[in-house]
Amino acid sequence: MRIAYVFFGAFLAIAQSAYAEVASPPVLAPLKRQAQAAELSAQFLSRYSYKPVPLDDALSARIMDQFIKSLDPDRMLFLQTDIDKFMSDRSEIDDAIERKDLKIPFAIFNAYEQRVVDRMNYARSLLKQDFDFSAQENYSVLRDKAPWPQSKAESNELWRKRVKSDWLRLKLGGKNDAAIRETLDKRYENTLERAYKFKSDDVFQSFMDAYSTSIDPHTDYFGAAASADFNVSMKLSLFGIGAVLQERDDYTTIRELVPGGPAQLSGKLAVGDRITGVGQGKDGAIKEVVGTRLDEVVQMIRGKKDSVVRLDILPADAGADGTHRVISLVRDKISLDKQAARKTVLSVKAGDATRKIGIITLPVFYEDFEAKRKGDQDYKSASRDVAKLLDELKEEKVDSVLIDLRNNGGGSLDEAIDLTGLFIGNGPVVQQRGSDGKIEVKSAELAAPVWTGPMGVLINRGSASASEIFAAAIQDYGRGVIVGEPSFGKGTVQTVVDLDQIVRNSKPEFGELKVTIAQFFRVDGGTTQLHGVTPDISLPGLSDPTSFGETSYDNALPWAQIKPANYTPADTITTLLPTLQSRHDARVESNPDFQRLLKDIADLKAQREKGIVSLNEAERRKEAAAREKRFKDRAEAGDGEDLGDDGLEAGERSLSADIAIENARKNAKDVLLDETVAILADEADLQEGVLKAATKESGNTNGK
């Protein structure tokens, strides 16, 4: 530890005079197991990745750039002098990892912490003054490619504008000066406090994130906490009390109770209650958790099934000095049903008929790998859940089925294949090429499809990986109509490697790697890599393709093509597309909701391209008035309420206000979904017409 302090001293002297008046955050040092994990990861990644990248000076430079970018993406914290110091070690990271020496990234992180403390204290000091909002000046909101401040004075000017911008947003939201000072002081204080709560594992996770994504965009490192979260996201279950928690004013607060979970069934907890202490077992000592990081409190509350956890509760309606109560809960398996497949049915007019469209929303391609491996017959699976929903929709006699994969970032490859089988039965779904160049065709193996009627898939820029495999297969087979935006463009396959298993560790120490091992190709021979899945009928989107999607990564694999698999496509959708497109065009042209959405998207794009906001109050009020008029027009048309911009961030409103806003957004009219449902109703209408015509033609032929 003493050696580490000597090393870090050089970095903490970057601007000693600026820090003299504030307490320095704790100096973090690397642990032996972290250095071992980094060196072991390097051995694996340089040999077994799909496209192995040697750990050399070139990769070292990329890791350094990525690490600094992850800490200061908007270039608001570090000075150019800091960057110059860091860059002197830019080609040394490879040698340091091989020596099991992580002093370089830890020194950078300690300098980062110090900059956060310095800038937050400066921001708070600015709140003592008043701002002139009649002046003509702008604040840049896009600084990812801007130069770092050259001096402390230049940094101060940046932060003056940042604080002024925050103040103006709150002022336009209706807050008075006293309330604004209080809100912003608390906001900056919270950021400041987080800098004092960082742990060594946080630094290591950040550094390994930079290292892994420097190999390719989808290679990841999972420390213990990240690994646990990944497993929960795939299993859609955990052992705990069934409460969604949020950090609010240093308290761990109950935001939501999971129906059927121990917390809800006990009747002892309510939304807004604050957890001030956690104890293990029926009589274990209760540890105070006020001011403790939320992730640490969560880990204390989770545990083995049927074990007891005791919580010291400060009720929602009690003041800080209110009466506490201690409750005991027995942990149980909690199913995260919000991330599971779910269905709804909408009716819509198409031609002379009213069509019922079954919508299945799938947020992730989940699969409980461990339960499946153990032979559990009831393991959690996306495709099995969708199959049950399809059976229910058949009972409800829907005319068509829509699979909504918007913002579904992927998951299990096997689940994507099995889901495709529900609609095609048996046949190739995806081709996979390993690092050795060998190509394997992976097929669905259902004796018959579960759903044979009209169907479609709704995608957007957030639909990636397994979502793209499914959508591409449905498109290549001509099985359904693909609607939405071009998808993310991720055409690679990853597997999770347990580093402790590699070295036969008896206890977990080194974490896991999610490593790219293959590239997948469509059955038509193309790949979704970079290009994504291009919809048959395009809908507008809010995302910025320059900053979100595979094309935004400078180290993404290139597009490629191989031979098609042996499959038999249908031409049904291709035949119907011109009519579907013309009906869609006519419908949206006269749809005021759709036209307002197009205006919103155009405004957002213009603002993005502008990259600055005015700090002149009169100009901003003029912009706000125009927005309010649009919102008012929508409200009068029955299209939701005006949520506006109150200038507040998450956790700064009352909990009830936050929940109300969240519910309002959930209940807002989904213009893109409504139009997609109309397209599927047209598809069902046209397919029925084709079937009737074919039946009539067959009858005439037989009659002859």
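For the single chain, residues carry numbers from 1 onward in sequence order.
S463 places no side-chain N or O within 3.5 Å of a backbone atom of E468 that could act as its donor or acceptor partner. Put simply, the side chain of R461 gets close to the backbone of F548: a donor and an acceptor are under 3.5 Å apart. No donor-acceptor distance shorter than 3.5 angstrom exists from the side chain of S237 to the backbone of K333, with no hydrogens or angles considered. For the pair Q431 (side chain) and K563 (backbone), a donor-acceptor distance under 3.5 Å is present. Side-chain atoms of S60 come within 3.5 Å of backbone N or O of R90 as a donor-acceptor pair. A donor-acceptor distance shorter than 3.5 angstrom exists from the side chain of S487 to the backbone of V533, with no hydrogens or angles considered. Under a 3.5 Å cut-off, the side chain of Q529 and the backbone N or O of L557 do form a donor-acceptor pair. Checked by atom type and distance alone, the side chain of K490 never pairs as donor or acceptor with a backbone atom of G409 at under 3.5 Å. Between the Q475 side chain and the T534 main chain, a donor and an acceptor come within less than 3.5 Å of each other.
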**Request:** Step by step, work out the side chain to side chain contact (heavy atoms under 4.5 Å, CB included) result for F423 and M455.
**Result:** CA-CA 9 Å; F423 298 94; M455 62 89 62; 3.7 Å; yes
**Item:** From CA spacing to verdict: side chain to side chain contact (heavy atoms under 4.5 Å, CB included), L59, S214
**Value:** CA-CA 7 Å; L59 182 58; S214 295; 3.8 Å; yes
**Item:** side chain to side chain contact (heavy atoms under 4.5 Å, CB included) between F470 and L362, worked out
**Value:** CA-CA 12 Å; F470 173 75; L362 186 64; over 6 Å; no
**Request:** Might you work through the salt bridge (Lys or Arg N to Asp or Glu O under 4.0 Å) test for E392 and K388, ending with a clear yes or no?
**Result:** CA-CA 6 Å; E392 293 173 15; K388 293 173 188 173; over 6 Å; no
**Message:** Under the criterion side chain to side chain contact (heavy atoms under 4.5 Å, CB included), I'd like the reasoning laid out for L346 against V348: C-alpha separation, chi angles, the key distance, then a yes or no.
**Reply:** CA-CA 7 Å; L346 293 179; V348 63; over 6 Å; no
**Request:** Evaluate the criterion salt bridge (Lys or Arg N to Asp or Glu O under 4.0 Å) for residue pair R62 and D65; output intermediate values, then yes/no.
**Result:** CA-CA 5 Å; R62 181 181 284 277; D65 295 344; over 6 Å; no
**Residue pair D685, R355: steps toward the salt bridge (Lys or Arg N to Asp or Glu O under 4.0 Å) verdict** = CA-CA 8 Å; D685 183 56; R355 302 288 177 179; 3.3 Å; yes
**Request:** For R596 and D593, run salt bridge (Lys or Arg N to Asp or Glu O under 4.0 Å): C-alpha distance rounded to whole Å, both residues' side-chain angles, the deciding distance at 0.1 Å, then the answer.
**Result:** CA-CA 5 Å; R596 280 192 287 265; D593 294 330; 2.7 Å; yes
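Using bins of under 30°, 30° to 60° and over 60° for the plane-to-plane angle, the ring pair F207/F67 lands in the perpendicular bin. Between F488 and Y553, the angle of the ring planes lies from 30° to 60°, which puts this pair in the tilted group.
Geometrically, R522 does not engage Y567 in a cation-pi contact defined by less than 6.0 Å to the ring centre and at most 45° from the axis.
F594 places a side-chain heavy atom less than 4.5 Å from the side chain of L672. Counting heavy atoms from C-beta outward, L413 and V430 have side chains that approach closer than 4.5 Å. At least one side-chain heavy atom of R406 sits less than 4.5 Å from a side-chain heavy atom of L673. Between L458 and L539 there is a side-chain heavy-atom pair separated by less than 4.5 Å. A heavy-atom distance below 4.5 Å is not found between the side chains of V441 and N566. Two residues are said to be in side-chain contact when any heavy atoms from C-beta on lie closer than 4.5 Å; D220 and Q494 fail this criterion. Using a 4.5 Å heavy-atom threshold, the side chains of Y211 and I93 count as separate. With contacts defined as side-chain heavy-atom distances shorter than 4.5 Å, the pair P217/N555 qualifies.
Across every non-hydrogen atom of A466 and S412, the tightest pair is CB-O, 4.0 Å. Between A341 and D385, the closest heavy-atom pair is CB-CB, 4.3 Å. Of all heavy-atom pairs between I679 and V481, the closest is CG2-CG1, 4.4 Å. Among all heavy-atom pairs drawn from L446 and G421, the shortest one is CD2-O, 3.6 Å. E683 and G480 get closest at one heavy-atom pair: OE2-CA, 4.1 Å. The minimum heavy-atom distance linking S227 with E512 is given by the pair OG-OE1, 2.6 Å.
T492 and Q519 share no side-chain donor-acceptor pair at under 3.5 Å. Using modelled atom types, one finds no donor on one side chain facing an acceptor on the other under 3.5 Å when comparing Q607 with D603. Residues S383 and E415 bring a donor and an acceptor atom of their side chains to less than 3.5 Å of each other. With 3.5 Å as the limit, one finds no donor-acceptor pair spanning the side chains of N591 and Q595. Using modelled atom types and a 3.5 Å distance limit, the side chains of T546 and D544 yield a donor-acceptor pair. There is no side-chain donor-acceptor pair under 3.5 Å between D216 and Y50.
Here the rule is side-chain contact (heavy atoms from CB on, under 4.5 Å) with S49, and of T516, I215, L513, I517 only I215 fits it.
Dense packing is recorded around CG of D585, with more than 12 heavy atoms of other residues, nucleotides or ligands lying under 6.0 Å away.
Rounded to the nearest 0.5 angstrom, K235 NZ and F369 CZ are separated by 11.0 Å. Within the model, atoms CZ of F521 and CD1 of I469 stand 12.0 Å from one another, a figure rounded to the nearest 0.5 Å. Once rounded to the nearest 0.5 Å, the distance linking CG of L576 with CG of D571 reads 9.0 Å. For the atom pair CD1 (I359) and OG1 (T676), the distance works out to 9.0 Å, reported to the nearest 0.5 Å. Rounded to the nearest 0.5 angstrom, Y48 OH and T495 OG1 are separated by 14.5 Å. Going from atom CG of L422 over to atom CD1 of I360 covers 8.5 Å, rounded to the nearest 0.5 Å.
In summary, K356 and E396 do not engage in a salt bridge, as defined by a charged side-chain N under 4.0 Å from a carboxylate O. Salt-bridge check for R342 with D337: failed, with every basic side-chain N at 4.0 Å or more from each acidic carboxylate O. Checked for salt-bridge contact, R587 and E675 meet the test: a charged N lies under 4.0 Å from a carboxylate O.
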